[in-house]
Amino acid sequence: MTLKGRAWKFGRNIDTDAIIPARHCNTADPKELAKHCMEDADPDFVKKMRPGDLIVADLNFGCGSSREVAPVSIKAAGVSAVIAKSFARIFFRNAINIGLPILECALAVDSIAEGDEIEVEPASGTIRNVTRGETYQAEPFPEFLQRIIDRGGLLPYVEERLAERIVNRFA
Amino acid sequence: MGMTLAEKILAAHCGASEVHPGQFINARVDIVLASELSGILAIEEFEKIKGARVFDPKKVVFVMDHFTPAKDIKSAEIVKRCREFARQHGITFFDVGRAGIQHVLLPEKGMVSPGDIIAGADSHTCTHGFLGAFGTGIGSTDAAAAMALGEIWLKVPESVRLVYHGQPKKWVGGKDLILRTIAFLGVDGARYQAMEFTGDTLDRLGLADRFTMANMAIEAGAKTGLFAADEKTRQFVRRAGGREGAYHRSDPDAQYAAVHEFDVETFEPFIAVPFLPENVKPVSELAGLQIDQVVIGMCTNGNLEDLRAAAEVLRGRKIHPRVRAVIIPGSQKVYLEALHEGLIDVFVEADCSVSTPTCGPCLGGHMGVLAAGERCVSTSNRNFRGRMGEVTSEVYLANPYVAAASAVAGCIALPSEVLK
């Protein structure tokens, strides 16, 4: 699977209040949440972006609250992946758990300019900058996490764990 | 090789004799926690899991605290859905009037003991480290998984040891220690790590100070913020009717990613200026900056000791006519004790508004949302852009003495100046 889109750049320490302000968190409806994605970082973001576009951010993306509606709003808005120098840990877990592709790559963040055409292969972590003819390699995930990512999120893993227990009970 | 406090708790919860930083484990959880805000999504995810049942209804706890008493129809619908789920599955449920802010509430109900793992779909679950419990923030899908499995996957974190020396000056408390620490580390300085708070200063501080410090570990990016449980912890847990728990301590040869020492005797009251908790300055540098609102309480400084601190400054005074102040006790119990001690009289007579326990304004929910350009001194834990309201409003984080003094002065002020 290759993800394609334009890059939208953001700075350091983009917190979850900026990604989805709490005033919009009184719903779990992805469509509603998508309307306000990145609103307090860039109020025009959802108007400007097209499905498939990527968020490219500096260090500590998604810091602050544990609200899972933050990655949900990004995914529902049609953002295909988030590339950052680093992710705050709860956002990191949440993105993997709900199947939003995230990649850690400092070189990509420093090299990509806003509006660059980007192609990403999440399985291999390859990031291609079509505009500049450059390729960057994201940090690989530990094997344990890659298994969750390969299943598309946490719930299939949970079902496997539950099934293992039933098997063990009758073994 | 020796283990840190965090490693010992994790090892005890995954049936291993030892664990090492970087290792992935499935850890048994003692409590799975959610608010209505995270709970609604956890319910939706939980119901997608084939054949899922709640692993132990007593250990799955929902606390309605963020937008409650319901601030609008959508919030009311979310709370209603949580209430129905709780009834259906028999889980432990705390509703309006029987609740408080989850991290104040659970310890006082005796539900948290030293050595526990608390997996909470709220980033400030790290607060429970004040009792020597490994509290850690997770998302809603994580919570759904933990509700079904009774365990969560964790990467064993490295630990960073923070050592505090000396006697703090009057008006300096846990809030100032943690603000100074976050300023030193930066908002991602302890990312993925366990913070371990130690040093002789901590023996001189009360549990409420420890509470405030552990609460803000997440503001340095940490997975948890731990204090080794001691005699003070034991007394608190016994009074609350909790289980005995496990009194782990780090081994002398435990490995740390870093050790940082702080001379607390040089500390003065600190304040974090917009828009990051790491932007910390001495209060004296900002003295005189006009403010519109003060909020005292919520989870970070919502214990009885914090309300006493605010009342010490406000007793017999009126807040500045241009300023409004909102006092938010952390729980119904704290509220009642404050009432019995006469603290609520002090607040009302000082022209403060006193609210039922709620996270409310901290995250711009209700009970004190800011208008464009307004400036607030708050005892809460975050001052991100737009956190308490309109995107141009500003939040300054401080301890309850400073917040109360600023309410009286109408501008950022030191308590020593106001009480002169």
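Chain naming here is simple, since letters A, B, ... match the order of the sequence lines and numbering starts at 1 in each. We use all heavy atoms of the structure for the numbers below, so side chains are in, but hydrogens, waters and symmetry mates are not.
- Counting heavy-atom pairs closer than 4.5 Å to chain A, the top residue among B/F46, B/F275, B/F24 is B/F24.
- For a residue to count as touching a neighbouring chain, one of its non-hydrogen atoms must lie under 4.5 Å from one of that chain's; by this rule A/I90 touches chain B with the side chain only.
- Counting heavy atoms from C-beta outward, A/I112 and A/Y136 have side chains that approach closer than 4.5 Å.
- When heavy atoms are compared at a cutoff of 4.5 Å, B/I43 does not approach chain A at all.
- In this structure, chain B has a heavy atom under 4.5 Å from the backbone of A/A88, while its side chain stays farther away.
- Your options are A/L155, A/T27, A/V72, A/L59, and the one with the most heavy-atom pairs under 4.5 Å with chain B is A/L155.
- Ranked by heavy-atom pairs under 4.5 Å with chain B, the list A/I148, A/L145, A/T16 is led by A/L145.
- You'll find the side chain of A/R93 reaches within 4.5 Å of the side chain of B/I138, heavy atoms only.
- The existence of a salt bridge linking B/K50 and A/E159 is confirmed by a sub-4.0 Å separation between a basic side-chain nitrogen and an acidic carboxylate oxygen.
- A salt bridge links A/E160 with A/R151: at least one charged nitrogen is closer than 4.0 Å to a carboxylate oxygen.
- Results of the salt bridge (Lys or Arg N to Asp or Glu O under 4.0 Å) test with B/R81 over B/E47, B/E36, B/E44 single out B/E47 as the only residue that passes.
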Residue pair B/I101, B/T358: steps toward the side chain to side chain contact (heavy atoms under 4.5 Å, CB included) verdict: CA-CA 6 Å; B/I101 304 170; B/T358 177; 5.8 Å; no
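- Of the listed residues (B/I40, B/V187, B/T136), the greatest number of heavy-atom pairs within a distance under 4.5 Å of chain A belongs to B/V187.
- Most heavy-atom pairs under 4.5 Å with chain A: of the set B/E151, B/H124, B/K71, this distinction falls to B/E151.
- Residue contact with chain B, scored on non-hydrogen atoms closer than 4.5 Å, is absent for A/E164.
- Contacts between B/S38 and chain A at a heavy-atom distance below 4.5 Å are absent for every atom of the residue.
- When heavy atoms are compared at a cutoff of 4.5 Å, A/F92 approaches chain B solely by way of its side chain, counted from C-beta outward.
- A heavy-atom distance below 4.5 Å is not found between the side chains of A/R12 and A/N60.
- Neither the backbone nor the side chain of B/K155 comes within contact range of chain A; no heavy atoms are under 4.5 Å apart.
- Looking at B/L363, B/D122, B/D65 one by one, the single match for side chain to side chain contact (heavy atoms under 4.5 Å, CB included) with B/L37 turns out to be B/L363.
- Using a 4.5 Å cut-off between heavy atoms, A/D17 contacts chain B through its side chain alone, with no backbone atom that close.
- Look at A/R132 and A/D116 and you find a salt bridge, because one of the NZ, NE, NH1 or NH2 atoms lies within 4.0 Å of a carboxylate O, short of that distance.
- Heavy atoms of B/E77 lying under 4.5 Å from chain A are absent altogether.
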Residues A/F61, A/F10; criterion ring-ring contact (aromatic ring centres under 6.0 Å, His included); working and verdict: CA-CA 9 Å; A/F61 185 82; A/F10 292 90; 7.3 Å; no
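- Interface check for chain A: of the options B/E219, B/K48, B/H66, B/K223, the most heavy-atom pairs under 4.5 Å are formed by B/K223.
- Contacts of B/N26 with chain A are made by side-chain atoms alone, with heavy-atom separations under 4.5 Å and no backbone atom involved.
- Note: B/L149 leads B/V391, B/L149, B/I49 in heavy-atom pairs under 4.5 Å with chain A.
- Using a 4.0 Å cut-off between a side-chain N of Lys or Arg and a carboxylate O of Asp or Glu, A/R23 and A/D40 qualify as a salt bridge.
- Contacts between B/F67 and chain A at a heavy-atom distance below 4.5 Å involve the side chain alone, from C-beta outward.
- No part of B/I73 comes within reach of chain A, as not one of its non-hydrogen atoms sits under 4.5 angstrom from that chain.
- Counting heavy-atom neighbours within 6.0 Å of B/R385 CZ, excluding the residue itself, gives a total of 12 or less.
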